[in-house]
Amino acid sequence: MEQESLANDEAALNELLRMRRQKLASLKAKGVDPYGHRFEQTALAKEIREEFDAFAGKTVRVAGRLLAKRTHGKATFADLQDRSGQIQLYVRYDRVGEESYDLFKLLDIGDIVGVEGTVFRTRQGEITVEAATVELLCKSLRPLPEKWHGLRDVELRYRQRYLDLIMNSQVRETFYRRTGIIRALRAFLDARGFLEVETPVMAPVAAGAAARPFVTHHHALDLDLYLRIALELPLKRLLVGGLERVYELGRVFRNEGISTRHNPEFTMLEAYQAYADYEDMMRLTEEMLVSVAEEVVGCRQIRYRGQEIDLSPPWPRLGVLEALRRFAGLPWEQLPEREEAWQKARELGITLEQGASTGKIIDALLQALVEPHLQQPTFLVDYPVEVSPLAKRKTDAPDLVYRFELFIAGRELVNAFSELNDPLDQRERFLAQARARAGGDEEAQMFDHDFLEALEYGMPPAGGMGLGVDRLVMLLTDAPSIRDVILFPTLRPLG
RNA sequence: AGGCCCUUAGCUCAGUCGGUAGAGCAGCUGACUCUUAAUCAGCGGGUCCGGGGUUCGAGUCCCCGAGGGCCUACCA
């Protein structure tokens, strides 16, 4: 059965694939190991080009993938790509000898080679390694995409990201920068005494955010577990435990739609600081994002989708109700009655679920009327308590909470608040969420009894913040889609 | 989940009014020892996403399905 399908595959191979297998066979026949071994790289393409004066005339050992070949009878030029970039190779018959030269002619674009040679500059001015020896490190059995246009097909780019990375240098740069951003976030928090921790990805309760979770099952325990939708509650247990400043950078999972701004699994950063409040978190957020931008972009002004965005702090703080007055002409000085809010939303043609609370209506109004206007960094502050079940109530307006969301380029990037540390109030909030859940709101938070017990031991007042890391990467790499900043975005499997 | 659009050679793309399936790159053969989108001569390469229908005849028109993109909705 296995044999048969393999034979069929062989028969179905097209000409290009057959040719490569023939070359593989003739290499083996010549006694060449087509899958190579250790090769010590002593130089990278980029450093040879940037520091040519230091390398000129010296012997280097470079390794990488062949991306182009230009054969001129008894001499051949080729382009080699390693992790740093590309460099030209020059292979001459009278330098490497007949055997090696014939071998080199057998190599295909896409093969991985190691070359020892001397660095020089051609008459045309191209910095080049003239090979003394060429070693095959891996024979490639499939042709690479086209050299001018690279790999354009968006689906193939996501499904075969390795080809995207080989062919499209700006894609490599994006992912290098992604790592730079994450490193800068860590460095910033580490320098302020935050402890990086790891908490469970699987948990019996999915809480800490309003979202539908993925469910899985543990066989030995015969227990349904949820993939986490947020990092919040385990981290706050650590505040109870006295760690005072903690953060986690990790994957969370939400069983919801896919779009240019949403992938089912994405990376969040959450940080909690004891004895701080949400105003401290605003300053922390400003300093953190400026520091990251300066680290990876080199300045505070960035361009996103053709638009200039200035990250210089301080960023405006705009009350939720004030924002509705300013951008939507809604007159409210304080949280309106539900009926009034409902009426206004209907007039404005905003779609709402039947049982939406005042808070949800306000949230919907903000999304439709305010958020698209917030292109420059803006903190929207003081949200309704109903949509913020883990945030502390404002002392002078208990139907609002000390909470902000940061918007840049019309998108929510950060959600943060003064953490609710009153266990009795927290219990009431969980109960309200449970009622909403019972009423059919699948995104209402689950009741986390264990967390409540922790709160009863006492959690210091604290500020906490959560940052959508992928969206920050989009902003700092000018990426139009979240899939452009996730190496392997979620796709339907083929056939 | 709903709407609009896309799917043709390994890759990037043409394909007129329904009438024998095209180009460039890549590949193969030959020439060529400083080219760089190397050049020159020649050759091969197709499940036109899948299934059904209309038609003398379908890459092209119609229906169903698959995958993808964008927008809307939910969320970060």
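Bear in mind the structure is a predicted one, so any value in this text is a computation, not a measurement. In what follows, chains are A, B, ... by sequence order, proteins preceding strands, each numbered from 1. Atoms considered below: every heavy atom in the structure, side chains included; atoms not considered: hydrogens, waters and symmetry mates.
- Nucleotides B:rG27 and B:rG46, compared at atom C1', are 15 Å apart to the nearest Å.
- The nearest whole Å value for the distance from the CD atom in A:Glu126 to the P atom in B:rU35 is 12 Å.
- Comparing B:rC63 with B:rA14, their C1' atoms sit 28 Å apart, to the nearest whole Å.
- At a threshold of 4.0 angstrom between heavy atoms, the contacts of A:Glu146 include nucleobase atoms, whether or not backbone atoms are also involved.
- Using a 4.0 Å heavy-atom distance criterion, A:Gly468 is classed as making no nucleic acid contact.
- Counting any heavy atom pair closer than 4.0 Å across all strands shown, A:Tyr90 reaches a base atom.
- Below 30°, between 30° and 60°, or above 60°: for A:Tyr247 and A:Phe194 the angle between ring planes is above 60°, a perpendicular geometry.
- For the pair A:Arg92 (side chain) and A:Thr76 (backbone), a donor-acceptor distance under 3.5 Å is absent.
- Side-chain atoms of A:Glu15 and base atoms of B:rG44 include a donor and an acceptor less than 3.5 Å apart.
- As rounded to whole Å, 15 Å separates atom P of B:rC6 from atom CG of A:Asp153.
- Within the nucleic acid shown, A:Thr71 comes within 4.0 Å of at least one base atom, counting heavy atoms only.
- Straight-line distance from the CE atom of A:Met19 to the P atom of B:rG27: 10 Å, rounded to whole Å.
- For the P atoms, the distance linking B:rC28 with B:rG65 amounts to 44 Å, nearest Å.
- Using a 30° and 60° split on the angle between ring planes, A:Phe430 and A:Phe451 fall in the perpendicular class, above 60°.
- Across the protein-nucleic acid pair, A:Glu155 atom CD and B:rU12 atom P stand 11 Å apart, rounded to whole Å.
- Between B:rC71 and A:Thr260, a contact under 4.0 Å exists linking OP1 or OP2 to a side-chain N or O.
- At the heavy-atom level, A:Leu144 lies nowhere under 4.0 Å from the strands shown.
- No engagement by A:Leu163 is indicated, since no non-hydrogen atom pair under 4.0 Å with the nucleic acid exists.
- Among the heavy atoms of the strands lying under 4.0 Å from A:Gln367 are primed sugar atoms or P, OP1, OP2 only; no base atom is included.
- B:rG42 and B:rU47: their C1' atoms are spaced 30 Å apart (whole Å).
- Looking only at atom types and distance, the side chain of A:Asn255 has no donor-acceptor partner in the side chain of A:Tyr226 under 3.5 Å away.
- Residue contacts shown for A:Arg121 are absent, as no nucleic acid heavy atom lies under 4.0 Å away.
- A donor-acceptor distance shorter than 3.5 angstrom exists from the side chain of A:Glu270 to the backbone of A:Glu232, with no hydrogens or angles considered.
- Within the structure, every side-chain polar atom (N or O) of A:Arg70 is placed at least 4.0 Å from both OP1 and OP2 of B:rC34.
- Across all strands shown, A:Lys23 has heavy atoms under 4.0 Å from sugar-phosphate atoms exclusively, and none from any base.
- Between A:Gln124 and B:rU36 there is no side-chain polar atom (N or O) within less than 4.0 angstrom of OP1 or OP2.
- For the 3.5 Å distance criterion, the side chains of A:Arg403 and A:Ser388 qualify, holding a donor opposite an acceptor.
- Residues A:Gln88 and A:Thr122 are in side-chain contact: their nearest non-hydrogen atoms beyond the backbone lie under 4.5 Å apart.
- Annotation: B:rG68 and B:rC62 have their C1' atoms spaced 23 Å apart (nearest Å).
- Separating the P atom of B:rG53 from that of B:rG30 is a span of 49 Å, rounded to the nearest Å.
- As rounded to the nearest Å, B:rC48 and B:rA9 have P atoms that lie 9 Å from one another.
- A:Ile482 has its CD1 atom 18 Å from the P atom of B:rC74, to the nearest Å.
- Checking B:rU36, B:rU33, B:rG67 against every side-chain atom of A:Thr122, the shortest atom distance belongs to B:rU36.
- Of the side-chain N and O atoms in A:Arg152, none sit less than 4.0 angstrom from OP1 or OP2 of B:rC25.
- Residue A:Phe120 is classed as a base contact, given a heavy-atom separation below 4.0 Å to a base.
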Problem set entry | Dot-bracket line, read 5' to 3' along RNA chain B, where crossing pairs take [ ] and | marks a partner on another strand, Watson-Crick or G-U under 3.5 Å | (((((((..((((.....[..)))).(((((.......))))).....(((((..]....))))))))))))....
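- Rounded to the nearest Å, the gap between the P atom of B:rC13 and that of B:rA21 is 24 Å.
- When heavy atoms are screened at a 4.0 angstrom cut-off, A:Arg95 is found touching no nucleic acid atom at all.
- Salt-bridge check for A:Arg121 with A:Glu126: failed, with every basic side-chain N at 4.0 Å or more from each acidic carboxylate O.
- For the pair A:Arg142 CZ and B:rG45 P, the computed distance is 20 Å after rounding to whole Å.
- With hydrogens and angles left out, the side-chain atoms of A:Arg178 and A:Thr267 include a donor and acceptor closer than 3.5 Å.
- Near RNA chain B, meaning a heavy atom under 4.0 Å away, the residues from residues 82-89 of chain A are A:Gln88.
- Residue contacts shown for A:Arg123 include a base, since a base heavy atom lies under 4.0 Å away.
- The distance between atom CG of A:Leu67 and atom P of B:rC11, rounded to the nearest whole Å, is 17 Å.
- With A:Arg305 contributing its side chain and A:Asp478 its backbone, the two residues share a donor-acceptor pair below 3.5 Å.
- Nearest to the side-chain atoms of A:Arg92 among the listed nucleotides B:rG68, B:rG27, B:rC34 stands B:rC34.
- For the pair A:Arg65 and A:Asp82, the salt-bridge criterion is not met [side-chain N within less than 4.0 Å of a carboxylate O].
- One finds no salt bridge joining A:Glu419 and A:Lys392 here, because no Lys/Arg side-chain nitrogen approaches an Asp/Glu carboxylate oxygen to under 4.0 Å.
- Nucleic acid contact for A:Arg212: none, since no nucleic acid atom lies under 4.0 Å from a heavy atom of the residue.
- The CZ-P distance, from A:Arg20 to B:rC11, rounds to 13 Å in whole Å.
- By the 30° and 60° cut-offs, the orientation of the rings of A:Tyr101 relative to A:Tyr93 is perpendicular.
- On a pure distance criterion of 3.5 Å, a polar donor-acceptor pair joins the side chain of A:Asp94 and the base of B:rU33.
- Contact annotation for A:Gly466: no contact, since no heavy-atom pair falls under 4.0 Å across all strands.
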